[in-house]
Amino acid sequence: MRKALWLSLVFLFTLPLSLPAETLQLVSGVVLKVELPSDRWSISREAPPFLVEEIAEHLEHELLAQGKKVDPAALQAAAQKRLAANEAYIVNAASNAYLAIDFSALRDGEIAPSRKAVAASAKYAGEGLVDEEGATEVRQKSGRTELRGAEFAYRVDASFRMHDEPRKFIGIVGFRSPYWFYLYYTDPLRDAGDIREMEQILQTLVLSASGV
């Protein structure tokens, strides 16, 4: 009896501890609910410093290739402006793995996308990795997925090398009226636990109307 109780306690204490669910009001009329599996992850409205530096470095390479002058301050500002298009980030600062979250409202007069259009956008997101500066050996596949509260959602999984360093990418592209949404996860594969926990995070995501 005591042995069984002891084993039960060991099992409970070795389970990953989830943090309380977060409800994020990122855009008007829609909230995103998410549960983080551990305190290794944090949510921020601003891009993490390591990502700002990475984007600034990419911009620097592009300017140098064009024979243009490089202004470090201008590069930082340009990187921050580009990353500000995302409403939020879920980040493991220790490993530099991150999920970028972006909502884009339909323009005036624009009609809601079809399932086929959402599928094509997800496929394009994977294929677009080929054009990223420093990306090589890109392998990707896409298909339909489920995200609670979305009208349509498609997922792309890709592996590639960035400046010869292996990386994994997961993208979820979907639509919940009146917004397209783009969830882009990039993993530098420095921590084997990141991908497992990110899969848990993605499974907890729920889109709902404000106040629900």
Open item on the list: Could you list the cluster mates of Val130? Members are the ILVMFWY residues connected by side-chain heavy atoms closer than 4.5 Å, either directly or through other members.
Closed with: Leu106, Val118, Leu129, Val138, Phe152, Tyr154, Val156, Phe160, Met162, Phe169, Val173, Phe175, Trp180, Tyr182, Tyr184
Task: Asn86 side chain vs Ala88 backbone, donor-acceptor pair below 3.5 Å - done: no
Task: Contacts of type salt bridge (Lys or Arg N to Asp or Glu O under 4.0 Å), residue Glu151, not counting sequence neighbours - done: none
Task: His61: ring-ring contact (aromatic ring centres under 6.0 Å, His included) partners, not counting sequence neighbours - done: His163
Enumerate the residue pairs fulfilling salt bridge (charged side-chain N to carboxylate O under 4.0 Å, His left out) with a member in [range], sequence neighbours excluded, ordered by first and then second residue.
range	value
residues 173-186	none
residues 101-130	none
residues 42-65	Glu54-Arg167

Open item on the list: Lys68: which residues meet the side chain to side chain contact (heavy atoms under 4.5 Å, CB included) condition with it, sequence neighbours left out?
Closed with: Leu63, Gln66
Open item on the list: Which residues pass the side chain to side chain contact (heavy atoms under 4.5 Å, CB included) test with Thr204, not counting sequence neighbours?
Closed with: Val34, Glu35
List for me each residue that meets side chain to side chain donor-acceptor pair (under 3.5 Å) alongside [X], sequence neighbours excluded, and say none if there are none.
X	result
Lys141	none
Ser95	Asn92, Asp194
Tyr185	Asp187
Asp71	none

